[in-house]
Amino acid sequence: MSKLFKLCLALAMFAAAGFTHAQSDAQQQPQRSIDQPGNNAPVWREVRKEGSQENYTSIKGREANVLVQSAGNTWRQIRNGPLTFYGGWLIVAVTLIIAAIYFAMGPIRMHDKPTGRMIERFTLAERWAHWVMGISFVVLGITGLIILFGKHVLLPVIGYTLFAWLTALGKNLHNFVAPLFIVSLFFFIVMYVKDNLPERGDGTWLANGWKMFGGTHLPAGRFNAGEKVWFWAGVVGLCLVLTVTGLILLFPNFDQVRSTMQQASIIHAIAAVFVIALGLGHIYMGTIGVEGAYRNMTDGVTDETWAKAHHELWYNEVKRGAKPAPGGAVPAGAPHMKERR
């Protein structure tokens with residue numbers, strides 16, 4: 001009988017201790033507000049402990065009965081920690097490398113003078129697809145950088161008022177420009193995929209591509225191997241990842257749980273950092289990095305000398321009629337070429 005009494009007494013003491021411990025956090029708060037004003041840790045420990053469990057709610061829905069999701073703190077630590085730190089330095093490093101190449105070596109120039117005979121390089125439809133996707137990509141890139149790094153870079157410089165206005169504008173632009181980018185991306189891939197397929201000579205170009213900064217021109221088809229890497233890794237690979245994760249984030253009404261949104265956010269940010277880094281190189285080479293390259297995409301035509309210097313294999317195919325120019329001109333006595341005066 002004494003053993004049973006001792007057992008019951010022990011259980012009662014254990015239950016009382018648990019109750020006291022459960023109440024201790026809430027009971028600590030009045031004293032904590034005096035000793036450490038503004039420190040609400042005891043209350044939030046209670047909220048987290050109770051809120052992380054499923055409870056009753058009159059509003060039905062996935063996770064509607066979970067008040068606090070502890071994994072959100074893990075998401076915040078990853079986003080504001082290694083992702084922001086290493087991602088930020090990657091963007092800075094790529095920018096510095098591009099600047100160093102430009103100021104040390106200058107743009108890649110043609111060895112021979114232009115002939116004035118122009119070859120159609122891109123059709124109007126191809127240029128529209130490129131510019132719609134390209135401009136929306138730049139808008140998304142800039143606004144995404146503001147959202148990801150703005151608190152660390154811009155806020156200390158421009159202050160809370162301007163930063164709040166800029167971030168709100170950036171968020172809305174990001175959300176509403178994204179669908180335009182997604183639609184134009186699919187059109188772009190369909191239009192350009194046939195000329196970005198791997199072909200013999202791409203490996204040689206990749207192995208020697210660095211020599212072009214020293215003035216060496218390497219034979220290539222309509223697109224060189226470096227452009228193909230950008231197409232497959234950047235446009236197709238990373239941009240499709242951004243599309244899928246972006247849709248998950250943009251339309252939470254499809255009943256995604258919070259963990260799905262958090263994982264999509266991390267993957268979206270990682271893919272964005274890498275595609276922006278690659279995109280900086282592509283933008284540089286297509287504007288000031290290669291003499292005459294920008295004109296190809298604005299006018300749709302290129303000089304015979306430029307085509308021969310940078311895309312000799314494509315130039316030879318167009319010249320002999322093995323591959324018509326994009327507009328469909330077939331050279332009989334080189335009608336695909338026209339004098340520009």
Side-chain angles (χ1 to χ4, degrees), residues 80-111 121 130-131 133-158 162-163 166-167 169-170 173-174 177 181 205-218 220 223-235 237-239 242 268-299 302 306 309-311:
N80 297 336
L83 178 54
T84 301
F85 180 80
Y86 293 111
W89 278 113
L90 175 63
I91 301 297
V92 171
V94 170
T95 303
L96 292 176
I97 290 171
I98 291 173
I101 291 173
Y102 179 76
F103 288 110
M105 302 179 180
I108 299 171
R109 302 187 183 278
M110 293 187 292
H111 297 321
R121 178 119 173 95
H130 175 273
W131 285 116
M133 190 197 75
I135 293 173
S136 59
F137 175 88
V138 171
V139 173
L140 292 173
I142 293 174
T143 55
L145 290 175
I146 292 172
I147 293 170
L148 186 59
F149 301 109
K151 183 174 70 174
H152 307 282
V153 178
L154 295 178
L155 180 58
V157 178
I158 64 178
L162 184 56
F163 177 71
L166 184 63
T167 306
L169 175 64
L173 280 175
H174 204 84
V177 172
F181 172 77
W205 195 99
L206 287 175
N208 298 279
W210 60 272
K211 295 180 181 178
M212 65 188 299
F213 295 105
T216 301
H217 293 310
L218 304 171
F223 299 111
N224 61 47
E227 292 170 314
K228 291 178 181 179
V229 169
W230 161 246
F231 178 83
W232 289 108
V235 176
L238 291 172
C239 284
L242 289 172
H268 191 82
I270 293 173
V273 167
F274 279 109
V275 81
I276 289 173
L278 287 173
L280 288 173
H282 174 73
I283 292 170
Y284 168 73
M285 296 298 289
T287 52
I288 61 175
V290 179
E291 183 184 21
Y294 183 70
R295 182 180 182 180
N296 293 343
M297 194 54 74
T298 55
D299 297 349
T302 188
W306 191 96
H310 295 290
H311 298 272

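These numbers come from the heavy atoms of this one structure, side chains and all, not from hydrogens, waters or symmetry mates.
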dist Ile276:CD1 -> Ile91:CD1 (nearest 0.5 Å) comes out at 5.0 Å
Rounded to the nearest 0.5 angstrom, the CG-CG distance for Leu162 and Leu154 is 8.5 Å
The test is side chain to side chain contact (heavy atoms under 4.5 Å, CB included); show your working for Leu238 and Leu278 and say whether it passes.
CA-CA 10 Å; Leu238 291 172; Leu278 287 173; 4.0 Å; yes
query: According to the interplanar angle, ranging from 0 to 90°, do the rings of His310 and His217 count as parallel (below 30°), tilted (30 to 60°) or perpendicular (above 60°)?
result: perpendicular
Heavy-atom check, side chain of His152 versus side chain of Phe85, under 4.5 Å: no
Heavy-atom closest pair (Tyr102 atom, Pro107 atom, distance to 0.1 Å) is CE1-CD, 4.0 Å
Closest non-hydrogen contact found for Phe149 with Val273 is CZ-CG2, 4.5 Å
Checklist entry - Can you check whether Val290 reaches Trp306 side chain to side chain, under 4.5 Å on heavy atoms? => result yes
When rounded to the nearest 0.5 Å, the distance separating CD1 of Ile270 from CG of Leu242 is 11.0 Å
| message | So Asp299 and Arg121, do their side chains get closer than 4.5 Å, heavy atoms only? | response | no
In this structure, NE2 of His174 is separated from CG of Leu145 (nearest 0.5 Å) by 9.5 Å
One should read off an interatomic distance between Thr167 OG1 and Ile147 CD1, to the nearest 0.5 angstrom, of 8.0 Å
Side-chain (Thr143) to main-chain (Leu140) donor-acceptor, under 3.5 angstrom: yes
Around atom OH of Tyr86, are there more than 12 heavy atoms from other residues, nucleotides or ligands closer than 6.0 Å? no
CZ (Phe274) with more than 12 external heavy atoms under 6.0 Å
no
Please step through side chain to side chain contact (heavy atoms under 4.5 Å, CB included) for the pair Asn80 and Lys151, ending with a clear verdict.
CA-CA 10 Å; Asn80 297 336; Lys151 183 174 70 174; 3.9 Å; yes
Can you check whether Ile142 reaches Leu173 side chain to side chain, under 4.5 Å on heavy atoms? no
Q: Apply side chain to side chain contact (heavy atoms under 4.5 Å, CB included) to Phe231 and Phe223, showing your working.
A: CA-CA 10 Å; Phe231 178 83; Phe223 299 111; over 6 Å; no
Checklist entry - Tell me, do His311 and Asn224 make a side-chain contact under 4.5 Å, heavy atoms counted? => result yes
| message | Closer than 3.5 angstrom, by distance alone: can the side chain of Glu291 be matched with the main-chain N or O of Met110 as a donor-acceptor pair? | response | yes
For Ser136 and Val177 the tightest heavy-atom approach is CB-CG1, 3.7 Å
Within the 4.5 Å heavy-atom criterion, are Val157 and Val153 side-chain neighbours or not?
no
Looking only at heavy atoms, the pair that brings Val275 and Cys239 closest together is CG2-SG, 4.0 Å
Check: Considering only heavy atoms from C-beta outward, does the side chain of Thr298 approach that of Trp131 to under 4.5 Å?
Finding: yes
What one should report as the nearest heavy-atom pair of Ile158 and Leu166 is CD1-CD2, 4.2 Å
Nearest heavy-atom approach of Ala225 to Trp205 is CB-CE3, 3.8 Å
Parallel, tilted or perpendicular: which describes the rings of His282 and Trp230, with under 30° parallel and over 60° perpendicular? parallel
